[in-house]
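Here is the structure we will look at.
No experiment lies behind these values; they were computed from the predicted model shown.
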Amino acid sequence: MPDGQEEFIAENRRFFDEPLPGRTEALGAPGGAFRSGKAGVDTPFVAAYRR
């Protein structure tokens with residue numbers, strides 16, 4: 001993991017374990033993107049991330 005990008009590990013966990021904005025339930029472990037489809041939303045940290 002490049003320096004300064006460690007927060008993305010926690011954000012990956014939040015993406016699946018916490019409800020995303022506009023949702024009432026967490027995605028959980030969908031078993032792959034094919035099953036869950038496009039989320040269309042991200043965690044607030046990732047949504048606001050600017051390179």
- Item | Electrostatic pair R23:E18 at N-O distance under 4.0 angstrom | no
How long is the gap from [atom1] on [X] to [atom2] on [Y], to the nearest 0.5 Å?
X   : Y   : atom1 : atom2 : answer
Y49 : Q5  : OH    : CD    : 4.5 Å
T43 : D17 : OG1   : CG    : 12.0 Å
L27 : F16 : CG    : CZ    : 6.5 Å

- Task: Could you walk me through whether V46 and F8 pass side-chain contact (heavy atoms from CB on, under 4.5 Å), step by step?
- Result: CA-CA 8 Å; V46 173; F8 286 99; 4.1 Å; yes
- Message: For a 4.5 angstrom cut-off between non-hydrogen side-chain atoms, does T24 reach P19?
- Response: no
- Heavy-atom donor-acceptor pair, E11 side chain to I9 backbone, under 3.5 Å: no
- Smallest heavy-atom separation, A47 atom then D42 atom, equals N-CB, 4.3 Å
- Item | Neighbour count >12 (heavy atoms, 6.0 Å) for atom CD, E6 | yes
